[in-house]
Number of protein chains: 2
Amino acid sequence: MTTAEDPAQPTGRVRDAARTRGEIMDAATREFARAGYAGARVDEIAARTRTTKRMIYYYFGGKEQLFTAVLERAYSVIREAEQRLDVEHLDPVAAIRRLAAVTFDHHEAHPDFIQLVSIENVYGAEHIAGSEELRRLSSPAIDVIRRILDAGRAEGVFTADVDAVDLHAMISSFCFFRVANRHTFCALFDRDLLERDRREHYRTMLADMVIAYLTSGETPARQH
Amino acid sequence: MTTAEDPAQPTGRVRDAARTRGEIMDAATREFARAGYAGARVDEIAARTRTTKRMIYYYFGGKEQLFTAVLERAYSVIREAEQRLDVEHLDPVAAIRRLAAVTFDHHEAHPDFIQLVSIENVYGAEHIAGSEELRRLSSPAIDVIRRILDAGRAEGVFTADVDAVDLHAMISSFCFFRVANRHTFCALFDRDLLERDRREHYRTMLADMVIAYLTSGETPARQH
DNA sequence: CCATCAATGTACGAACTGGTCCGTTAGTCA
DNA sequence: TGACTAACGGACCAGTTCGTACATTGATGG
């Protein structure tokens, strides 16, 4: 009894599981990043989709599992970026600069990811702990760093005795802080760490710092 | 008609506004740090107190204002620590090492503060923006850093051309990351950044890195 | 062309949660 | 000592929110 409806578009309802799933994850990523895990609203996520809340439960089971799925995807993106690093042909110093720059750029390009990681840390990383996939997926970056460090030490350019994981933490911390804490930092120090004009400056600063440390002759004498 | 009640302790109810207020803030700090702003429960905060939820609204007005009050107190603590810095009598290198160490220790000693800052950033620092007190209270650390940098440059030991605010960001980022992201980092890289045995190592590493950068001759040639 | 099932939409409910109403009690000061 | 007020307790309400029961529809194979 539908009056004058185009039979080609009866309700506009198209069945496309992959698209629906993807749309839910996109909306969820934004909503979780916007308001945190507890602050995110399942209804709001659904509203930002061409489907309904029912589908979230159909595909993911619940809010918790949806958040885990969102996290898994966000991490897989950075893992892929790391796998594309391709620094084997560079000399150690250039390789580290490259690594730092890629890490820097990836953080800047994915503020939602940073936000999700912050949120996950508020909850003690319980979702990562509960995800086989995430615990299995180790970072290719660590291996890359290890190889660069070995090469640099063999050539005698790197004198500092650093561990690959620690160096990764060092590089990540600056990239992460710049994005994650931009709001409080800007409010308190009146400096927008993400300002376009400053980006190149910070990217260079980070690389300079790391290289200076790695090549800083003997470890400087400790005073106190 | 209270049967056999000690008149000295009729109900155990003592009137102490300051204590009640303080207890609420302590409980709120823990609860907000535990579950985020939206995840924190006003009832739970009240339960962790010798008073009731009613008093939270009596003293603070609401959840939002309570969170702001908690933030204000947390920031005032670090500001006081910065004011006690006392590095004027040290040579520039030692002064920077001292500053880095104090920042490092303060972050480690106040994980709840770190958590609160993370949470505040998820919400775009809206509470800081809405707090006169917080916007007014600028960091003494910046002035201290500025003076140290000037002295170091005058003496010729510091060659890098850094800004005080940027250096502060650099130092803070590592200290912050180590505490804020310890859970995800540990889950993904199987390394506990807060492990006791590693603390000295990381503290030295941070100072070495900053000093290496500040004293690294000409700014290293930029490659890409 | 019909049976079947994955995919989807609607409406609803039970539990939770921030916030408030109203009454009570302990100090204190005239 | 009695009135006054700051400090306090407990019950309750209204709106929200996650999750689900149930109905429906489109594709697919026989």
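So you know, we letter chains A, B, ... as the sequences are listed, proteins then strands, and number each from 1. Computation of the quantities below employed the complete heavy-atom set of this structure, encompassing side-chain atoms and omitting hydrogens, waters and symmetry-equivalent molecules.
Residue B:Arg21 is out of contact with every strand shown, counting any heavy-atom pair closer than 4.0 Å. As judged by a 4.0 angstrom heavy-atom cut-off over every strand, A:Thr52 is placed among the base-contacting residues.
Look at CZ on A:Arg41: it is 4 Å from P on D:dT17, rounded to the nearest Å. Look at CG on A:Asp43: it is 17 Å from P on D:dG15, rounded to the nearest Å. Per the geometry, CD belonging to B:Glu44 stands 13 Å off C1' belonging to C:dC16, to the nearest Å. Rounded to whole Å, the distance from CG on B:Asp16 to C1' on D:dG9 is 17 Å.
In this view, B:Asp26 and B:Arg73 satisfy the salt bridge (charged side-chain N to carboxylate O under 4.0 Å, His left out) rule, not counting sequence neighbours. In this structure A:His107 satisfies the ring-ring contact (aromatic ring centres under 6.0 Å, His included) test with no other residue, sequence neighbours excluded. Residues satisfying the salt bridge (charged side-chain N to carboxylate O under 4.0 Å, His left out) criterion with A:Glu126, sequence neighbours excluded, are absent altogether. By the salt bridge (charged side-chain N to carboxylate O under 4.0 Å, His left out) test, B:Glu108 pairs with B:Arg178, B:Arg199, sequence neighbours left out. Listed by chain and residue number, A:Phe32, A:Tyr37, A:His127 satisfy the ring-ring contact (aromatic ring centres under 6.0 Å, His included) test with A:Phe67 (two or more places apart in sequence, or in another chain). Residues passing the salt bridge (charged side-chain N to carboxylate O under 4.0 Å, His left out) test with A:Asp86: none are found, sequence neighbours excluded. Evaluation of the ring-ring contact (aromatic ring centres under 6.0 Å, His included) rule for B:His106 yields B:His110 as partners, not counting sequence neighbours. With sequence neighbours excluded, no residue forms a ring-ring contact (aromatic ring centres under 6.0 Å, His included) with B:His183.
Looking at B:Asp150 and B:Arg147, no side-chain N of the basic residue comes within less than 4.0 Å of a carboxylate O on the acidic one, giving no salt bridge.
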So A:Val102 and A:Val87, side-chain contact (heavy atoms from CB on, under 4.5 Å) or not? Walk me through it.
CA-CA 11 Å; A:Val102 168; A:Val87 294; over 6 Å; no
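Within a heavy-atom distance below 4.0 Å of DNA chain C, no residue of residues 24-34 of chain B is found. At a non-hydrogen distance threshold of 4.0 Å, B:Arg54, B:Tyr57, B:Gly62, B:Lys63 from residues 54-70 of chain B come into contact with DNA chain C.
Residue B:Arg19 is the one, among A:Ala40 and B:Arg19, whose nearest nucleotide of DNA chain D lies closer to the 5' end (criterion: closest heavy atom).
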Please enumerate all protein N or O atoms sitting under 3.5 Å from an N or O of nucleotides 28-30 of chain C, with distances to 0.1 Å.
none

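Under 4.0 angstrom from either OP1 or OP2 of D:dA7 there lies no side-chain N or O belonging to B:Thr51.
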Going by atom type alone, with no hydrogens or angles, which donor-acceptor pairs under 3.5 Å involve a side-chain atom of residues 50-60 of chain B and a protein atom two or more places apart or on another chain?
from, atom 1, to, atom 2, distance (Å)
B:Arg50, NE, B:Glu23, OE2, 2.9
B:Arg50, NH2, B:Glu23, OE2, 2.6
B:Lys53, NZ, B:Asp43, OD1, 3.3

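For A:Lys53 against D:dG19, a side-chain-to-base donor-acceptor contact under 3.5 Å is present.
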